[in-house]
Amino acid sequence: MNITRKWASKKQRALEILVRLKRLYPNAPCTLNYATPVQLLVATILSAQCTDERVNLVTPALFGQFPDAEALAKAEPVEIENLIRSTGFYRNKAKNIQAACRILVAEYGGKVPPSMEQLLRLPGVARKTANVVLAHAFGINAGVTVDTHVKRLSYRLGLTKNTDPIHIERDLIRLLPSDDWENFSIRIIYHGRAICKARNPACEACLLSDLCPSANVRE
DNA sequence: ATCCCGAGGG
DNA sequence: CCCTCTGGAT
């Protein structure tokens with residue numbers, strides 16, 4: 001049974017998925033806690049391979065001691081490491097956070113530059129992190145945030161045949177209106193956490209299953 | 001392709 | 001034990 005046969009096109013199916021997700025998760029705020037664009041950038045770097053919930057556990061102390069780019073740029077690396085240890089990858093994350101903040105101080109007056117090109121020059125920042133920061137700090141629809149959930153669900157839902165984030169993002173950009181890029185990612189992430197889990201996807205409870213070529217076909 | 005890395009679930 | 005969690009650099 002070919003799911004796509006029931007829909008005029010993959011794009012139409014993608015738009016129906018978007019409508020369902022909006023109905024399913026009416027409110028879909030960013031779940032990272034932060035007060036400034038710099039803090040959002042730092043929190044997003046910390047969120048690599050780690051839940052937002054855990055990031056939110058360490059950022060109050062981190063931002064309490066080092067509230068802005070200037071403070072993080074001057075900090076002892078080991079102090080940052082100790083404050084973020086439980087998020088994993090703490091040596092790389094601390095090094096990247098400090099190096100990025102030093103660039104912010106040196107080149108951008110301690111602020112986050114509002115463009116993809118500038119953000120991608122920061123260490124520890126690639127398209128996923130840049131997309132999150134641009135969308136939430138500046139309201140700029142630069143692209144689609146492709147994290148592990150967006151990757152997994154886009155593939156299962158048949159919205160892409162690719163497995164690398166760059167090509168998945170390209171496919172999603174073609175399928176979705178730019179105004180919906182970020183809320184699509186957030187809602188997909190919600191759905192990935194609650195229903196379409198990596199391990200045992202709850203297809204029986206999934207309100208997208210009639211749109212999903214992978215529904216109930218996993219062992 | 002591999003490494004960085006801790007915490008929680010099954 | 002193994003897998004996964006809003007990745008990125010080498």
Side-chain angles (χ1 to χ4, degrees), chain A residues 21 25 27-34 37 39-59 61-62 77-78 80-103 112 116-137 140-157 159-160 162-170 172-173 176 180-202 218-219:
Chain A
L21 287 172
Y25 310 102
N27 304 323
C30 173
T31 50
L32 288 171
N33 297 335
Y34 63 96
Q39 291 186 5
L40 174 60
L41 173 64
V42 172
T44 308
I45 291 173
L46 290 175
S47 74
Q49 297 294 293
C50 172
T51 61
D52 282 14
E53 189 181 357
R54 179 149 296 281
V55 173
N56 291 335
L57 247 35
V58 309
T59 44
L62 178 67
V78 66
I80 300 178
E81 288 181 8
N82 288 337
L83 288 165
I84 69 171
R85 184 176 308 274
S86 68
T87 66
F89 299 161
Y90 62 92
R91 277 194 280 263
N92 279 337
K93 287 176 180 177
K95 186 170 57 174
N96 287 333
I97 286 167
Q98 180 159 72
C101 284
R102 286 180 173 168
I103 294 175
V112 177
M116 175 64 76
E117 189 184 356
Q118 292 167 310
L119 284 170
L120 291 181
R121 286 198 213 113
L122 301 175
V125 178
R127 291 193 61 88
K128 183 264 170 183
T129 300
N131 276 325
V132 170
V133 172
L134 288 169
H136 293 102
I140 296 172
N141 301 318
V144 181
T145 298
V146 179
D147 72 316
T148 182
H149 293 295
V150 176
K151 175 180 174 178
R152 182 179 71 252
L153 271 69
S154 296
Y155 188 82
R156 285 182 179 170
L157 284 163
L159 299 179
T160 183
N162 291 296
T163 54
D164 61 297
I166 296 293
H167 290 104
I168 292 173
E169 182 180 2
R170 184 199 60 191
L172 294 174
I173 282 174
L176 301 166
D180 287 307
W181 286 347
E182 189 54 24
N183 81 70
F184 173 82
S185 292
I186 292 185
R187 290 186 164 100
I188 281 283
I189 290 164
Y190 271 66
H191 197 63
R193 286 203 295 241
I195 306 291
C196 192
K197 300 176 188 176
R199 202 72 80 85
N200 288 319
R218 202 161 291 94
E219 60 271 30

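In the text below, chain A, chain B and the rest are named by the order of the sequence lines, each starting its count at 1. Values reported hereafter were calculated over all heavy atoms of this structure, with side chains retained and with hydrogens, waters and symmetry mates removed.
- Nearest-nucleotide assignment on DNA chain C puts the 5′-proximal partner with A:Cys30, out of A:Gly124 and A:Cys30.
- A:Gln39 CD to A:Leu62 CG: the interatomic distance, rounded to the nearest 0.5 Å, is 8.5 Å.
- In terms of heavy atoms, A:Arg152 sits closest to A:Gly192 at NH2-O, 3.4 Å.
- Residue-level contact check: A:Thr87 touches neither bases nor backbone, having no heavy atom under 4.0 Å from any strand.
- If A:Arg152 and A:Ala130 are placed on DNA chain C by their nearest nucleotide, the residue sitting closer to the 5' end is A:Arg152.
- Judged by the 6.0 Å distance and 45° axis criteria, A:Arg187 is not positioned over the aromatic ring of A:Phe184.
- Other residues, nucleotides and ligands place no more than 12 heavy atoms under 6.0 Å from the OH atom of A:Tyr155.
- Across all strands shown, A:Pro165 has no heavy atoms under 4.0 Å from either base or sugar-phosphate atoms.
- What you find for A:Val150 and A:Thr145 is that their closest heavy atoms are CG2-O, 3.3 Å.
- Between A:Asn92 atom CG and B:dC4 atom P there is a gap of 9 Å when expressed in whole angstrom units.
- Using cut-offs of 30° and 60° on the angle between ring planes, the pair A:Tyr25 and A:Tyr190 is tilted.
- Spacing between C:dT6 and B:dT2 at atom P, rounded to whole Å, works out to 25 Å.
- Nucleic acid contact for A:Thr129: sugar-phosphate only, since backbone atoms but no base atoms lie under 4.0 Å from a heavy atom of the residue.
- Nearest heavy-atom pair across A:Pro123 and A:Ile103 is CD-CD1, 3.7 Å.
- A:Asp147 pairs with exactly one of A:Ile189, A:Ile188, A:Thr129, A:Val132 by the side-chain contact (heavy atoms from CB on, under 4.5 Å) rule, that one being A:Ile189.
- For the pair A:Tyr90 OH and B:dG6 P, the computed distance is 5 Å after rounding to whole Å.
- Nucleotides of DNA chain C that come within less than 4.0 Å of any heavy atom of chain A span, from the 5' end to the 3' end, C:dC3 to C:dA9.
- If you take atom C1' in C:dC5 and the same atom in B:dC5, they sit 12 Å apart, rounded to whole Å.
- In summary, the side chains of A:Ser47 and A:Lys128 do present a donor paired with an acceptor at a separation below 3.5 Å, with no hydrogens or angles considered.
- Within a heavy-atom distance below 4.0 Å of DNA chain B, the residues of residues 45-58 of chain A found are A:Gln49, A:Arg54.
- By the 5.5 angstrom centroid cut-off and the 30-degree plane limit, A:Phe89 is classified as not stacked against the base of B:dC5.
- Atom-to-atom, CD1 of A:Ile97 to C1' of B:dC4 comes out at 14 Å; the value is rounded to the nearest Å.
- Spacing between C:dA9 and B:dA7 at atom C1', rounded to whole Å, works out to 23 Å.
- Listed pair A:Arg91 / B:dC5 meets the phosphate criterion, a side-chain N or O lying under 4.0 Å from OP1 or OP2.
- Taking atom NZ of residue A:Lys93 and atom C1' of nucleotide B:dC5, one finds them 8 Å apart after rounding to whole Å.
- If you measure from atom CZ of A:Arg193 to atom P of B:dG8, you get 17 Å, rounded to the nearest angstrom.
- Pairing each heavy atom of A:Arg156 with each of A:Cys196, the nearest pair is NH1-SG, 3.2 Å.
- Going from atom CG of A:Asn200 over to atom P of B:dG10 covers 9 Å, rounded to whole Å.
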